[in-house]
Engineer: 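One structure, pasted below without further comment.
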Amino acid sequence: MNSDFDCTRVLEKALLETSATLDGFGDDFAPQIRTADEKFGDFQANGVLPHAKKHRGNPREMATQLVDALPSSQHWETSIAGPGFINFRLSSDYLLGWIAPFEDREKLARAVASENPFKAVLDYSSPNTAKQMHVGHIRSTIIGESLARLLAFCGHEVTRDNHLGDWGTQFGILLYAIKRQGSSLDDLGDDPVAELEDLYRKGNAWTKEDEGALAEARGELVGLQGGDPESMALWERIREISMESFQAIYDLLGVRFDHAHGESFYRDRVDQVYDSLLRHGICEENEGALVVFHPEHKRFAKQPFLVRKKDGASNYATTDLATLWFRSEEWAADQVVYVTDGRQRDHFEQLFLTAGKWFAAEDKTLPELSHVWFGTILGEDNKAIKTRDGQPVKLADLLAEAVRRALVMVEEKNPGLEPAEAQRRARIIGIGAVKYADLSQDRTLDYVFSWDKLLAMQGNTAPYLQYAVARISSIFRKLEGDPSSLMEQARPPETEHERSLARKLIFFPLAIEQTLRELKPHFLCTYLYELATGFSSFYNHDKVMVDDSREQGLRLMLCARTKLFLETGLEILGIETLEEM
RNA sequence: GCGGGAGUAGCUCAGCUGGAUAGAGCAACGGCCUUCUAAGCCGUAGGUCCUGGGUUCGAAUCCCAGCUCCCGUGCCA
């Protein structure tokens, strides 16, 4: 990130350069620049207080000493308040100077670009084949996509991998059910994946009540794993059918992957994992299974990480290790981000510990590993939505309902709009609403599924942000004259709302940094919402179409920059915008 | 049992890792459309930040104890 882009860095640098010249300050001073309450200023430095405590000084005196020594600047005014806060109020000229250069996406992207770009692999969505996606799958897909876009926007090289659950014991039962029922996979009706799910349920019931059926299902699994051509062909077809149904949802969501190397992709690579772990003495045999213990860890010293079941089969620990190896070896990943449910935290902690030892033993550099976990979507009973009992809402149905509700509003507000255009707007608004509803909440929190929560279109929602963008577009449509030549004449912000909006704009880098640091999109959502409220307030108080060309120039510039930041931020969230709503 | 997450306005949630008088949205109430899109703006009301201690200039945030809910804890992922 460009160092002038983030004002906190500019102020921090100024304070540090000054404090270094002062006798009493020492070299351990941390300015702690934060955004300030608007009534105090734009930024504040809190660092003098703890610093004074540490050095047994008087904080107010030390703050005074520091501020007095600070070279006078045309860019900001300083003041000292309370026990020793240093407040900075940026000058109007500085605000204008900061905002003016961001004429387009390119200039913004260049300011954001990381000095140290790396290769990141994002592992997200990851549904199970032969099953429909339901609301429980929405979080990984949406959060993962958003983080992929964020990393890419910050200049990193991103590989998106859909780690499908396409291999495992369930296929024995499913193949058995298909053969017993004599089903044709090419004639499963309108909703083939629902049909597959149904077949699995039947198969499951049969194997539970009948020993013979269970044995046959196991036989099917062995056959599949042994590469039996007929079984393999069925399995392939199941994968295709599933991918088609997933793809319809991904298309609607605007999600795309570079790869979909599911678990099956690694089925021939797991033996190498056992061999290597055994050779290095990382795993051991225990109760017939191969397990990894971590004696140095208080919990995982006793709680094993199973890498091979006692029947000799691999499990997800094995494939995850093989997958990580592949991503490191073949894709040269510097970072791997896993976006999954929080209930898998133990698994990933053990995976990371094991991988650390394994890579070290193999003398390989371990990529930086991040488990980006999220809370569970709960049913009305406060329990996790389960596929088994009670049908969870299908993801396709949720999205369809979102579009339907948005269409009602679009038609109400634009009577006579062409149906195709109304449909297009409804899709962008409805899907945006669903995505934003999920992304705007801290991902680690559970929430209870609610149509009204996910499909809200008023207040802190995607449509509100999209609406701000649409209103700005409308201004530029109606403008007579050349916007760029008007903007060149812009005077500095003066009115309360001009200043307030400009101030919101300069916080953009902070929001990006915070979101990136924590890999939590809700920080960006909060920022964009505040930017949009700042704009709405400005819009209602200060008319853009005014006679004074310098005043109009500034207001147009504020509109243009707000639009760019909102569009860019929404694009990172995976939310489309509209010229007209 | 052990480990983890959560508890903030009637409801849903923020609160930038210890800062100034705790903020939004929804719901409620009252204003604002012959003026750039009212999916909006302005205002009013609403709080023992689960409870009790502690640490200090200063705590929703940190430490201890307790209460409630949720999750994980060897062959699912």
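Note that the structure is a prediction, hence the values are computed from the model and not measured. Worth knowing before you read on, the calculation uses all heavy atoms, side chains too, and leaves out hydrogens, waters and symmetry mates. Proteins get letters first, then strands, A, B, ... in listed order; numbering begins at 1 in each.
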Engineer: What integer number of Å spans the P atoms of B/C62 and B/G4?
Structural biologist: 14 Å
Engineer: Report which part of the nucleic acid A/Pro50 touches: base, sugar-phosphate, or nothing (heavy-atom distance under 4.0 Å, all strands).
Structural biologist: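 It contacts base atoms.
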Engineer: Could you check, using the six-membered ring where one of them is a Trp, whether A/Phe565 and A/Phe535 have ring centers closer than 6.0 angstrom?
Structural biologist: no
Engineer: Can you check the A/Phe538 CZ to B/C36 C1' distance for me, whole Å?
Structural biologist: 10 Å
Engineer: Under the criterion of centre distance below 5.5 Å and interplanar angle below 30°, is A/Phe40 classified as stacked on the base of B/A20?
Structural biologist: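 Given the distance and angle limits, yes, they stack.
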Engineer: Would you mind checking if A/Glu263 and A/Arg267 are paired as a salt bridge, meaning a charged N to carboxylate O distance below 4.0 Å?
Structural biologist: no
Engineer: Measure the distance from CZ on A/Phe293 to C1' on B/U73 and round it to the nearest whole Å.
Structural biologist: 13 Å
Engineer: The side chain of A/Lys53 is closest to which nucleotide in this list: B/C57, B/C36, B/G72?
Structural biologist: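 The closest nucleotide is B/C57.
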Engineer: Rounded to the nearest Å, what distance is computed from the CG atom of residue A/Leu465 to the C1' atom of nucleotide B/A39?
Structural biologist: 11 Å
Engineer: Counting only side-chain heavy atoms from C-beta out, which of B/G58, B/A24, B/C71 sits nearest to A/Tyr529?
Structural biologist: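 So the nucleotide nearest the side chain must be B/A24.
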Engineer: Which is true for A/Glu263 with a 4.0 Å heavy-atom rule: it touches a base, it touches only sugar-phosphate, or it touches nothing?
Structural biologist: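 Sugar-phosphate, no base atom in range.
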Engineer: Any salt bridge between A/Glu401 and A/Arg404, counting N to O under 4.0 Å?
Structural biologist: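 Yes, charged N to carboxylate O under 4.0 Å.
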Engineer: Hey, could you give me the OG/CD distance between A/Ser473 and A/Gln466, rounded to the nearest 0.5 Å?
Structural biologist: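 Rounded to the nearest 0.5 Å, the OG-CD separation comes to 11.5 Å.
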Engineer: Starting at CD of A/Glu38 and ending at P of B/A24, how long is that distance when rounded to a whole Å?
Structural biologist: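 Checked: the CD to P distance equals 12 Å.
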Engineer: If B/G3 has a Watson-Crick or G-U wobble mate with both distances under 3.5 Å, name it; if not, just say none.
Structural biologist: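 Paired with B/C71.
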Engineer: Regarding A/Val448, tell me which of base, sugar-phosphate or nothing describes its non-hydrogen contacts under 4.0 Å with the strands shown.
Structural biologist: nothing
Engineer: The side chain of A/Met581 lies closest to which of these nucleotides: B/G40, B/C36, B/U37?
Structural biologist: B/U37
Engineer: Please classify the nucleic acid contact of A/Ala81 as base, sugar-phosphate, or nothing, using heavy-atom distances under 4.0 Å.
Structural biologist: base
Engineer: Of the candidate nucleotides B/U37, B/G5, B/G19, which contains the atom at the shortest distance from the side chain of A/Tyr539?
Structural biologist: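 Looking only at side-chain atoms, A/Tyr539 lies closest to B/U37.
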Engineer: Which nucleotide, B/U73, B/C13, B/C71, lies nearest any side-chain atom of A/Asp346?
Structural biologist: B/U73
Engineer: So what does A/Asp37 hit on the nucleic acid, given a heavy-atom distance under 4.0 Å: a base, only sugar-phosphate, or nothing?
Structural biologist: nothing
Engineer: Expressed in angstrom and rounded to an integer, what is the separation of A/Asp442 atom CG from B/G5 atom P?
Structural biologist: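 Whole-Å distance recorded here is 12 Å.
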Engineer: Under 4.0 Å, heavy atoms only, any strand: does A/Lys453 hit a base, just the sugar-phosphate, or nothing?
Structural biologist: sugar-phosphate
Engineer: Which part of the nucleic acid does A/Glu287 contact within heavy-atom distance under 4.0 Å: base, sugar-phosphate only, or nothing?
Structural biologist: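 Result for A/Glu287 = base.
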Engineer: Classify A/Phe305 by what it touches in the nucleic acid, base, sugar-phosphate, or nothing, heavy-atom distance under 4.0 Å.
Structural biologist: nothing
Engineer: Among B/U73, B/C16, B/U17, find the nucleotide with the atom closest to the side chain of A/Thr35.
Structural biologist: B/C16
Engineer: A/Thr376 side chain to A/Asp446 main-chain N or O, any donor-acceptor pair under 3.5 Å?
Structural biologist: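 No; judged by distance alone, with no hydrogens or angles, the pair does not exist.
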Engineer: Ignoring backbone atoms, test whether A/Lys413 places a side-chain nitrogen or oxygen under 4.0 Å from the OP1 or OP2 oxygen of B/A38.
Structural biologist: no
Engineer: Would you please confirm or rule out a distance under 4.0 Å between OP1 or OP2 of B/G3 and any side-chain N or O of A/Lys298?
Structural biologist: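 For B/G3, neither OP1 nor OP2 has a side-chain N or O of A/Lys298 closer than 4.0 Å.
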Engineer: Can you tell me how far P of B/G19 sits from CD1 of A/Ile86, to the nearest Å?
Structural biologist: 16 Å
Engineer: Check whether any side-chain N or O of A/Arg343 sits under 4.0 Å from OP1 or OP2 of B/G5, and answer yes or no.
Structural biologist: no
Engineer: Of the candidate nucleotides B/G74, B/U73, B/G40, which contains the atom at the shortest distance from the side chain of A/Gln458?
Structural biologist: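 In terms of side-chain proximity for A/Gln458, the closest of B/G74, B/U73, B/G40 is B/G40.
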Engineer: Could you check whether A/His522 gets within reach of a base, just the sugar-phosphate, or nothing at all, counting any heavy atom under 4.0 Å?
Structural biologist: sugar-phosphate
Engineer: Going by purine N1 to pyrimidine N3 plus the second Watson-Crick contact, or the G-U wobble pair, all under 3.5 Å, which nucleotide sits opposite B/C57?
Structural biologist: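 The base-pairing partner of B/C57, which may sit in any strand shown, is B/G19.
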Engineer: Does the separation of the ring centres of A/Phe85 and A/Phe40 fall below 6.0 angstrom?
Structural biologist: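 Centroid distance A/Phe85-A/Phe40: not below 6.0 Å, so no.
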Engineer: Counting the benzene-type ring for Trp, do A/Phe43 and A/Phe507 have ring centres under 6.0 Å apart?
Structural biologist: yes
Engineer: Would you indicate what A/Asn87 reaches in the nucleic acid, counting non-hydrogen atoms under 4.0 angstrom: base, sugar-phosphate, or nothing?
Structural biologist: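 Base contact.
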Engineer: Could you tell me the Watson-Crick or G-U partner of B/A14, where both distances fall under 3.5 Å? Say none if there is no partner.
Structural biologist: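 Paired with no nucleotide.
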Engineer: Report the nucleotide, chosen from B/A39, B/C75, B/A14, that has the shortest atom-to-atom distance to any side-chain atom of A/Met457.
Structural biologist: B/A39
Engineer: When the distance from NE2 of A/His51 to C1' of B/U56 is rounded to whole Å, what number comes out?
Structural biologist: 18 Å
Engineer: Nearest of B/U37, B/C75, B/G40 to any side-chain atom of A/Tyr464?
Structural biologist: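 Closest of the options to the side chain of A/Tyr464: B/G40.
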Engineer: Measure from the ring center of A/Phe300 to the ring center of A/Phe305 and say whether it is less than 6.0 Å.
Structural biologist: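 A/Phe300 vs A/Phe305: aromatic centres not under 6.0 Å.
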Engineer: With heavy atoms under 4.0 Å as the rule, sort A/Leu510 into base, sugar-phosphate or nothing.
Structural biologist: nothing
Engineer: Under 4.0 Å between any heavy atoms, over every strand shown, what does A/Ser537 touch: base, sugar-phosphate, or nothing? Just pick one.
Structural biologist: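 Result for A/Ser537 = sugar-phosphate.
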Engineer: Assign each of A/Asn315 and A/Arg477 to its nearest nucleotide of RNA chain B by heavy atoms, then name whichever residue's nucleotide is nearer the 5' end.
Structural biologist: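 Nearest nucleotide further toward 5': that of A/Arg477.
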Engineer: What about A/Tyr467, does its side chain sit under 3.5 Å from the base of B/A39 through a donor-acceptor pair?
Structural biologist: no
Engineer: Tell me: CG of A/Asn540 to P of B/U37, nearest whole Å?
Structural biologist: 12 Å
Engineer: In whole Å, what separates the C1' atom of B/U61 from that of B/C42?
Structural biologist: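 Roughly 33 Å separates the two C1' atoms.
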Engineer: Using a 4.0 Å heavy-atom cut-off, does A/Gln466 contact any base of the nucleic acid, only the sugar-phosphate backbone, or nothing at all?
Structural biologist: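 Nothing, no nucleic acid heavy atom in range.
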Engineer: OP1 or OP2 of B/C13 less than 4.0 angstrom from a side-chain nitrogen or oxygen of A/Gln441, does that happen here?
Structural biologist: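 Yes, within the criterion.
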Engineer: Syn or anti for B/U17, given that syn means the glycosidic angle lies within 90° of 0?
Structural biologist: syn
Engineer: Taking the same atom, C1', in B/A24 and in B/G15, what whole-Å distance lies between them?
Structural biologist: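 Straight-line distance between the two C1' atoms is 10 Å.
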Engineer: Using a heavy-atom cut-off of 4.0 Å across all strands, would you classify A/Arg517 as base, sugar-phosphate, or nothing?
Structural biologist: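 Since only primed, P, OP1 and OP2 atoms lie under 4.0 Å of A/Arg517, the category is sugar-phosphate.
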Engineer: With the six-membered base ring of B/A20 as reference, does the ring of A/Phe85 sit under 5.5 Å away with planes under 30° apart?
Structural biologist: yes
Engineer: Can B/C62 be described as syn, meaning its chi torsion is within 90° of 0, or is it anti?
Structural biologist: anti
Engineer: Is the shortest distance from a Lys or Arg side-chain nitrogen in A/Arg555 or A/Glu498 to a carboxylate oxygen in the other one below 4.0 Å?
Structural biologist: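 Salt bridge flag = yes for A/Glu498 with A/Arg555.
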Engineer: Which one is paired to B/A28, where only Watson-Crick or G-U wobble pairs with both distances under 3.5 angstrom count?
Structural biologist: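 With both distances under 3.5 Å, B/A28 matches B/U44.
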Engineer: Taking atom types as they are modelled, is there a donor-acceptor pair under 3.5 Å from the base of B/G18 to the side chain of A/Asn46?
Structural biologist: no
Engineer: How many angstroms lie between atom CZ of A/Phe374 and atom CD1 of A/Ile142, to the nearest 0.5 angstrom?
Structural biologist: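 It comes to 10.5 Å.
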Engineer: Heavy atoms from C-beta onward define the side chain here; which of B/A39, B/G74, B/C42 lies closest to that of A/His541?
Structural biologist: B/C42
Engineer: If you assign each of A/Leu306 and A/Arg34 to its closest nucleotide in RNA chain B, which residue comes earlier from the 5' end?
Structural biologist: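 Upstream on the strand: A/Arg34.
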